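Single-structure report; data block below.
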Amino acid sequence: MILSENNQIELRIIELNQEHQDLHYIIDHLSEEIQPDQLRIRRLKKRRLFIKDQIVHLKSTLIPDIDA
């Protein structure tokens with residue numbers, strides 16, 4: 001079965017949302033440690049932000065252009 005471009009984008013958004021949620025969980029877990037690894041947490045937060053930006057970008061591609 002061949003997926004349309006929009007369906008592929010929607011699937012990618014779902015994958016990215018899951019990765020974003022996973023990173024959120026990991027960051028929370030690491031932050032609760034007695035001596036959290038701040039560098040690792042910072043890197044994970046940057047990755048999470050990058051993923052969020054990708055999600056926003058992909059969602060914007062799904063919005064059809066309106067001719068003025």
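What you see is a predicted model, and the numbers here were worked out from it, not measured in a lab.
Atom CG of Asn17 and atom CZ of Arg12 lie 10.5 Å apart (nearest 0.5 Å). Once rounded to the nearest 0.5 Å, the distance linking NZ of Lys45 with CD1 of Ile26 reads 14.0 Å. Taken to the nearest 0.5 Å, the OG1 atom of Thr61 stands 7.5 Å off from the CD atom of Glu5. Once rounded to the nearest 0.5 Å, the distance linking OG of Ser31 with CZ of Arg40 reads 11.0 Å. Taking CD of Gln8 as the reference point, atom CG of Leu58 lies at 11.5 Å (rounded to 0.5 Å).
If you run side-chain contact (heavy atoms from CB on, under 4.5 Å) between Leu23 and each of Ile51, Asp28, Leu49, only Ile51 comes through.
Looking at Ile55 and Lys59, their side chains come closer than 4.5 Å, going by heavy atoms from C-beta outward.
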Inset, instruction - Any chance you could lay out the side chain to side chain contact (heavy atoms under 4.5 Å, CB included) test for Asn7 and Leu11, step after step, and finish with the verdict? - result: CA-CA 6 Å; Asn7 287 353; Leu11 286 175; 5.6 Å; no

Legend entry - side chain to side chain contact (heavy atoms under 4.5 Å, CB included) between Leu30 and Asp37, worked out: CA-CA 7 Å; Leu30 289 174; Asp37 183 349; over 6 Å; no

Inset, instruction - I would like to know whether Arg43 and Leu39 meet side chain to side chain contact (heavy atoms under 4.5 Å, CB included); could you show each step before the answer? - result: CA-CA 6 Å; Arg43 287 180 180 156; Leu39 179 60; 3.5 Å; yes

Inset, instruction - Show your working on side chain to side chain contact (heavy atoms under 4.5 Å, CB included) between Leu62 and Ile13 and close with a plain yes or no. - result: CA-CA 11 Å; Leu62 292 176; Ile13 290 171; 3.8 Å; yes

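In this structure, Arg47 pairs ionically with Glu19, as a charged nitrogen and a carboxylate oxygen lie closer than 4.0 Å.
Counting heavy atoms of neighbouring residues, nucleotides and ligands inside a 6.0 Å radius, atom CD of Gln38 exceeds 12 of them.
Asp22 and Gln18 form a side-chain donor-acceptor contact under 3.5 Å, judged by distance and modelled atom types alone.
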